[in-house]
Amino acid sequence: QVQLVEPGGGLVQAGGPLRLPCVASGRTFSSRAMGWFRQAPGKEREFVGAISGGTYYADSVEGRFTISRDNAKNTMYLQMNSLKPEDTAVYYCAARGYAGLSYSVEAYDYWGQGTQVTVSS
């Protein structure tokens, strides 16, 4: 079993940066693919990016967002730069049962509770 917690989030001005951590409990963190998703009001949950051996990003965040992980701390990070008002959403971290990268919501077995990110214009 894996539990995920996202303690970050908040309000930031457009153009600014924000870093979201995702802290995982349980063993085998380093062997799992991890992902970030987001959901804006009235919209479906969408893929942001994922990390396993490498990283993979949605086109909408490519070049602005960076995912990294510290396996010694069981923590994954989402560094968000050049934020835009359209990045406003609840952000979720997620973990798969194994190492393969995926952009599909259905591929992830464990989810955090989500954290609100609001970008003001």
Side-chain angles (χ1 to χ4, degrees):
Q1 190 76 341
V2 176
Q3 291 185 324
L4 303 173
V5 178
E6 307 109 330
L11 175 65
V12 63
Q13 286 190 329
L18 187 66
R19 188 175 80 157
L20 300 181
C22 170
V23 184
S25 65
R27 299 181 296 175
T28 68
F29 172 79
S30 61
S31 64
R32 298 180 185 274
M34 304 288 294
W36 285 98
F37 292 78
R38 65 187 182 185
Q39 188 167 17
K43 295 187 177 181
E44 293 187 352
R45 192 168 298 188
E46 66 174 8
F47 174 76
V48 173
I51 185 168
S52 186
T55 52
Y56 176 52
Y57 300 96
D59 289 344
S60 59
V61 306
E62 179 78 52
R64 299 189 298 124
F65 291 11
T66 302
I67 295 174
S68 61
R69 66 195 298 170
D70 184 338
N71 290 331
K73 296 182 178 179
N74 275 17
T75 301
M76 175 180 64
Y77 301 95
L78 177 65
Q79 177 67 46
M80 302 183 289
N81 296 326
S82 302
L83 280 161
K84 305 175 181 179
E86 51 263 43
D87 294 318
T88 295
V90 177
Y91 283 71
Y92 298 89
C93 69
R96 299 198 71 190
Y98 49 93
L101 285 173
S102 176
Y103 60 81
S104 172
V105 171
E106 291 75 18
Y108 289 79
D109 302 296
Y110 305 98
W111 292 84
Q113 81 285 358
T115 187
Q116 178 70 46
V117 172
T118 302
V119 183
S120 63
S121 57

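What you see is a predicted model; the values in this text were computed from it and never measured. These values consider heavy atoms only, across backbone and side chains, with no hydrogens, waters or symmetry-generated copies.
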Query raised in the report: So does R64 pair up with D87, basic N to acidic O under 4.0 Å?
Result: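 Yes, charged N to carboxylate O under 4.0 Å.
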Query raised in the report: Within 45° of the six-membered ring axis of Y110 and under 6.0 Å from that ring's centre, is NZ or CZ of R96 located there?
Result: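 Pair R96/Y110 does not count as cation-pi.
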Requested in this report: Please determine if R69 forms a cation-pi arrangement with Y77, meaning its NZ or CZ atom is less than 6.0 Å from the six-membered ring centre and no more than 45° off the ring axis.
Outcome: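 Output no; distance or angle outside limits.
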**Report entry** 4.5 Å side-chain heavy-atom contact, V117 and M80
**Finding:**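 Side-chain contact under 4.5 Å: yes.
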**Report entry** Residue pair F47 / R38, side-chain heavy-atom distance below 4.5 Å
**Finding:**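 No, every pair of side-chain atoms sits at 4.5 Å or beyond.
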Would you say [X]'s side chain and [Y]'s backbone share a donor-acceptor pair under 3.5 angstrom?
| X | Y | result |
| --- | --- | --- |
| Y91 | G8 | no |
| E6 | Q113 | yes |
| T115 | P7 | no |
| N74 | V23 | no |
| S102 | S104 | yes |
| T88 | V119 | yes |

Query raised in the report: Taking all non-hydrogen atoms of both residues, which atom of Q79 and which atom of P17 are closest, and how far apart?
Result: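 Heavy-atom minimum between the residues: NE2-CB, 3.9 Å.
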Report task. Measure across Y92 and G112 and return the closest heavy-atom pair with its distance rounded to 0.1 Å. Result ->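 The pair with the smallest heavy-atom distance is CD2-O, 3.6 Å.
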Query raised in the report: Do Y108 and F37 have their ring centres less than 6.0 Å from each other?
Result: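 Ring centres of F37 and Y108 closer than 6.0 Å.
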Query raised in the report: Do other residues, nucleotides or ligands put more than 12 heavy atoms under 6.0 Å from the CD atom of Q3?
Result: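 Open.
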